[in-house]
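Data first, discussion second: the structure below is written as structure tokens.
What you are looking at is a predicted structure, and each value in this text was computed from that prediction instead of being measured. Labels below follow one simple rule: chain letters A, B, ... track the order of the sequence lines, proteins then strands, and each chain is numbered from 1.
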Number of protein chains: 2
Amino acid sequence: MPTSFATWNINSVRLRLPIVLDFLRQYDPDVLCLQEIKCLNDQFPRNEFTAAGYPHHAVHGQKGYHGVAIVSKHPLTDISSRVFFEIEESRHVSALVDLGQGSVFGPLTVHNFYIPAGGDLADPELNPKFKHKLGFLSELKSWFGEDHFRERQLICGDFNIAPLEHDVWSHKQLLDVVSHTPIETEALNALLSGGHGWVDVVRKYFPAEEKLYSWWSYRAKDWQAANKGRRLDHIWTTADIAAHTAGAEIIKPARGWSDKPSDHVPVIARFA
Amino acid sequence: MPTSFATWNINSVRLRLPIVLDFLRQYDPDVLCLQEIKCLNDQFPRNEFTAAGYPHHAVHGQKGYHGVAIVSKHPLTDISSRVFFEIEESRHVSALVDLGQGSVFGPLTVHNFYIPAGGDLADPELNPKFKHKLGFLSELKSWFGEDHFRERQLICGDFNIAPLEHDVWSHKQLLDVVSHTPIETEALNALLSGGHGWVDVVRKYFPAEEKLYSWWSYRAKDWQAANKGRRLDHIWTTADIAAHTAGAEIIKPARGWSDKPSDHVPVIARFA
DNA sequence: GTTGCACTGG
DNA sequence: CCAGTGCAAC
């Protein structure tokens, strides 16, 4: 029985609920991780997700900014969230997903992250937002080193880092731009290859030389023509889970869904 | 030669300029008084009004809130504005309109008002906005008692009061609702019948038992079906001018013009 | 540049 | 419900 997981920085779940529901109808993932829901827990549109066939929710919102949520067809247990770098923003939520009898997996833990964007200046001394981003990554590395991260884990979300040369429209022009500076890409690659060995189950399905983006700035007049994207949104799993991958997709057309789309598009990983 | 004057609370002249120009093309008033222009003087779209055949402007704007303007086919002189109750908001502008040779009138003074809405609670002790509204009306009464208000005057605007029983959808249900409380309707009726005797040149053309509205709340889901309106927008003249009236019209369809209409519609008074 | 939210005012 | 401002964030 096929299973799929999706992640999408939605930039206000209330404002973009219609296109999120369109996405669920059209792509039918088992689990969707959302970032930047920009609402309090009580304001999260639970009923609408339930009506759409996603009755299980792990919501960690906050007022106005950030906020993450997992919506799922399958039961979610052990819901928790974690503070990184001692900054109390809603940037992580996790849950144990029970995919049921038909699945090749037993239960697996899904971690949904919204890693800090990091501001404009790539200097942790001068820019506290960049310091926060690096601190967040550093704590993440320690945490992932713990033993229970060895298996049955999926981590995804808006990592705000495009790690590979062809994860940005111009490697050269973005080397000084936060999201693609060496200090960040090295930290993210260390996270990926360190610890117990994560697999980037999306890039796995696209040649390393192929440009691959999940985000296009609002600032470009014609995002499609310019196509100056970055791959900021990721899905990684432990090796046991990665053994069952069946494909991956980045839903580029979603950048044009509705009048006022999110600047990010959904990323999907499929498992056989 | 026929002459007509119109008043319209436009709730942002910049946002709704297209439908204002449509209105001018379709109804061709000589003078249009606007309220809630919600812009600074420099942001008022003078060129667009000039191009539409209304090259004369008396603009008294302010940042963000309130703001009134007169646009005219005919020259405007003696432009002035007045502060009421010592609260410096842009709620009045007046001008002398020279209608030229073909007119039955000599020059007349047009006063354009945006009387304070008055907040929710009809108690001047507890609600400073209601106190402001009553104070505004009180100062208006004194001012209109001055000798020069005896003739050749037209006053109009959003008075934020529905004075008559059939100026609201339910007299009984609105007796405690600001805009139709006895203290307000009595103050407005005293203004109308006191001083040198104004004529409500719009209600003149509709039987007193006929429901007549110029405003429908944004809050109603289906304003047209509910039809819970109020007549908040008025045109009054001195008796000399009222002697020449030829009709009046409230442009109810304007409540549905464009995706995002104003909650008020234009009111027109015609003179032979 | 462009967005979404909080707030105020209606 | 609608519009403005001010703000933070990207």
Generate the contact string for nucleotides 4-10 of chain D. Rules: B means base contact, S means sugar-phosphate contact only, - means no protein heavy atom under 4.0 Å. SSS-SSB
Quickly, which of Asp158(B), Ile37(B), Leu34(B) forms a side chain to side chain contact (heavy atoms under 4.5 Å, CB included) with Tyr114(B)? Name it, please. Asp158(B)
Report the residue from Asn9(B), Asn11(B), Thr7(B), Asn160(B) that forms a side-chain hydrogen bond (donor to acceptor under 3.5 Å, both in side chains) with Gln35(B). Thr7(B)
Walk along DNA chain C from 5' to 3' and tell me the first and last nucleotide with an atom closer than 4.0 Å to a non-hydrogen atom of chain B. dT8(C) to dG10(C)
Any side-chain donor near an acceptor of the partner, His60(B) and His92(B), under 3.5 Å: no
5'-most contact on DNA chain C (nearest-nucleotide basis), Lys221(A) vs Leu40(A), goes to Lys221(A)
Phe23(A)-Trp8(A) aromatic ring centre distance below 6.0 Å: yes
Taking the side chain as every heavy atom from C-beta outward, state whether Phe49(A) and Leu17(A) have any pair of such atoms under 4.5 Å apart. yes
Classify the side-chain pair Trp257(B)/Asp22(B) by whether it contains a donor and acceptor separated by less than 3.5 Å. no
Taking CZ from Arg16(B) and P from dC2(D), how many angstroms apart are they, rounded to a whole number? 10 Å
Report yes if the distance between the aromatic ring centroids of Phe136(A) and Phe84(A) is under 6.0 Å, otherwise no. yes
Less than 4.5 Å apart, any side-chain heavy atom of Arg16(A) and any of Lys260(A)? yes
